[in-house]
Amino acid sequence: GKYRVLDLHVGHRLLGFTATIDRKRFLAPPQSKRDPRQVVETYELLFMEAESGDQPRRKKLLGDWKSPILKHFERYVDSKSVVGGNGRAEALVAAYERYLRAVRNLDDESKKKALDEMRSPLKEHFIAYVDALVAANRPHEIETLLGFFDPVWEHGSRLLGTAAYKIRKYDLAEQYFLNLKDGLDDYCRSEEMSLLAEIWVKKGKTSDAQELLVDCLKRLQVMIDESKYSSDQQMHESEFQHHRGTFLRLFPSLGQAELSKHGVRESALP
């Protein structure tokens, strides 16, 4: 650290060295960017191992958070989109589906672990994959995917509900979001509560939608008032403004005046 540098400087003086040292030449040169083709080549060799290697190797490559397949998935998609020239969404869909096929071929225990791994591309890129399928007019495939992931994603309500919302399966999305609300003490922080309010407005349950948003906003105000750290306050303020924006958009005739009646400020920051 800085004391090590100071020690070197003092030692240089105590030993009587007077010559000026060019320390820049000892610095490590910046790493060059790897050629996208090389990234694709290396990653696809790993993919082949994950598809056809022995069971322990496939299990490690597909279900271990330290696996290079998990860690460099996004880098592979970016590189593949450059090399293939077909766009990132198409590269993502192809990579995601290949990954999912490989996981499906694991034994049951390994498959469950790989599917529920928090850092798996199957979770981290699920919503981007859903968006790409919607854009490609393939929404029916998403509903099938929800049925596949539902039993194995122990904490998947947020992702599955958002996907159901995007394909207009509002009853299903509502159930996922209610599960999320019931399962979280700080559900007020979840953007999905705004989506639940939107669903309720579509269903004519406007009072329920208003109560939910006001409840979230008041809870976030308390969290900010009780927080000792500026970084936490800023984070909760962002969440607060998201729900407040939803309320103002869904109920423009009521506006901030209605929120003020319930003790909700324009900003939750003190």
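These numbers come from the heavy atoms of this one structure, side chains and all, not from hydrogens, waters or symmetry mates.
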- Item | Steps toward salt bridge (charged side-chain N to carboxylate O under 4.0 Å, His left out) verdict (Asp225, Arg265) | CA-CA 12 Å; Asp225 290 343; Arg265 308 185 291 261; 3.3 Å; yes

- So do Trp200 and Leu250 actually touch side chain to side chain, heavy atoms under 4.5 Å? no

- Note on the structure: The residue among Lys169, Lys205, Lys202 that forms side-chain hydrogen bond (donor to acceptor under 3.5 Å, both in side chains) with Glu174 is Lys205

- Task: Answer yes or no: does atom NZ of Lys203 have more than 12 heavy-atom neighbours from other residues, nucleotides or ligands under 6.0 Å?
- Result: yes

- Task: Search all heavy atoms of Lys123 against all heavy atoms of Glu117 and return the closest pair with its distance.
- Result: CD-O, 3.8 Å

- Side chain proximity check, Arg168 to Val134, heavy atoms < 4.5 angstrom: no

- Item | Chi angles and distances behind the salt bridge (charged side-chain N to carboxylate O under 4.0 Å, His left out) call for Lys80, Glu44 | CA-CA 10 Å; Lys80 186 72 173 176; Glu44 290 186 349; 3.1 Å; yes

- Query: Does His242 offer a backbone N or O that forms a donor-acceptor pair with the side chain of Thr246 under 3.5 Å?
  - Reply: yes

- Item | Nearest atoms (heavy-atom pairs only) where Lys111 meets Arg104 | CE-O, 3.2 Å

- Donor-acceptor pair, Arg98 side chain versus Phe47 backbone, under 3.5 Å? no

- Task: State, yes or no, whether a side-chain contact exists between Leu115 and Leu100 at a heavy-atom distance under 4.5 Å.
- Result: yes

- Message: So that I can tick it off, tell me whether Asp186 and Arg219 are bridged by a salt bridge, with the cut-off set at under 4.0 angstrom between side-chain N and carboxylate O.
- Response: no

- Query: Do Tyr43 and Arg75 get their side chains close enough for a donor-acceptor pair, meaning under 3.5 Å?
  - Reply: no

- Expected output: side-chain His243 to main-chain Ser190 donor-acceptor under 3.5 Å: yes

- Message: Tell me the closest heavy-atom pair linking Leu62 and Leu70, and the distance in Å.
- Response: O-CD1, 3.8 Å

- Message: Could you check whether atom NE2 of His262 has more than 12 heavy atoms from other residues, nucleotides or ligands sitting under 6.0 Å from it?
- Response: yes

- May I ask you to decide if the ring planes of Tyr96 and Tyr129 are parallel, tilted or perpendicular, using 30° and 60° as cut-offs? parallel

- Query: Same cluster or not: are Tyr170 and Ile127 linked, directly or through other Ile, Leu, Val, Met, Phe, Trp or Tyr residues, by side-chain heavy atoms under 4.5 angstrom apart?
  - Reply: no

- Task: Evaluate the side-chain proximity of Glu49 to Ile69: yes if any heavy-atom separation is below 4.5 Å, no if none is.
- Result: no

- Message: Please say yes or no: joined through hydrophobic side-chain contacts below 4.5 Å, possibly via intermediate residues, are Tyr176 and Tyr165 part of one cluster?
- Response: no

- Phe73-Leu46 co-clustered via ILVMFWY side chain contacts under 4.5 Å: yes

- Message: Looking only at side-chain N and O atoms, does Asp107 offer a donor or acceptor that is under 3.5 Å from a partner on Ser110?
- Response: yes

- Taking atom NZ of Lys218 as the centre, report whether more than 12 heavy atoms of other residues, nucleotides or ligands fall under 6.0 Å from it. no

- Task: Could you tell me whether the side chain of Thr162 and the main chain of Arg158 form a donor-acceptor pair under 3.5 Å?
- Result: yes

- Query: Do Phe126 and Val152 belong together in a cluster built from hydrophobic side chains that touch within less than 4.5 Å?
  - Reply: yes

- Query: Is the number of heavy atoms from other residues, nucleotides or ligands under 6.0 Å of Arg138 CZ greater than 12?
  - Reply: yes

- Query: Shortest non-hydrogen contact from Ser79 to Pro36?
  - Reply: CB-O, 3.6 Å

- Task: Check whether any side-chain heavy atom of Leu180 lies under 4.5 Å from a side-chain heavy atom of Tyr187, and answer yes or no.
- Result: no

- Do you know the tightest heavy-atom contact between Tyr76 and Ala95? CE2-CB, 3.7 Å

- Message: For Gly263, is there any backbone N or O sitting under 3.5 Å from a side-chain donor or acceptor partner on Gln221?
- Response: yes

- Query: Mind checking whether Thr42 and His72 have side chains closer than 4.5 Å, heavy atoms only?
  - Reply: no

- Message: Does any part of the side chain of Glu239, heavy atoms only, come nearer than 4.5 Å to the side chain of Cys188, both counted from C-beta?
- Response: no

- Task: For the pair Gln256 (side chain) and Val264 (backbone), establish whether a donor and an acceptor sit closer than 3.5 Å, ignoring hydrogens and angles.
- Result: yes

- Query: Just checking, any donor-acceptor pair under 3.5 angstrom between side chains of Glu237 and Gln233?
  - Reply: no

- What's the verdict on side-chain contact (heavy atoms from CB on, under 4.5 Å) for Leu92 and Val77, showing C-alpha distance, side-chain angles and the deciding distance? CA-CA 6 Å; Leu92 174 64; Val77 170; 4.0 Å; yes

- Item | Atom of Leu213, atom of Met193 and distance for their closest heavy-atom approach | CD2-O, 4.5 Å

- Do Glu51 and Arg101 pass the salt bridge (charged side-chain N to carboxylate O under 4.0 Å, His left out) test, and can you show the C-alpha distance, the side-chain angles, and the key distance before you say yes or no? CA-CA 8 Å; Glu51 290 166 330; Arg101 281 196 302 273; 5.3 Å; no

- Task: Taking atom types as modelled, find out whether Asn179 and Gln175 have a side-chain donor-acceptor pair closer than 3.5 angstrom.
- Result: yes

- Message: Tell me whether the count of non-hydrogen atoms from other residues, nucleotides or ligands lying under 6.0 Å of CD in Gln55 goes above 12.
- Response: yes

- Item | Minimum side-chain heavy-atom gap Phe251-Val201 below 4.5 Å | yes

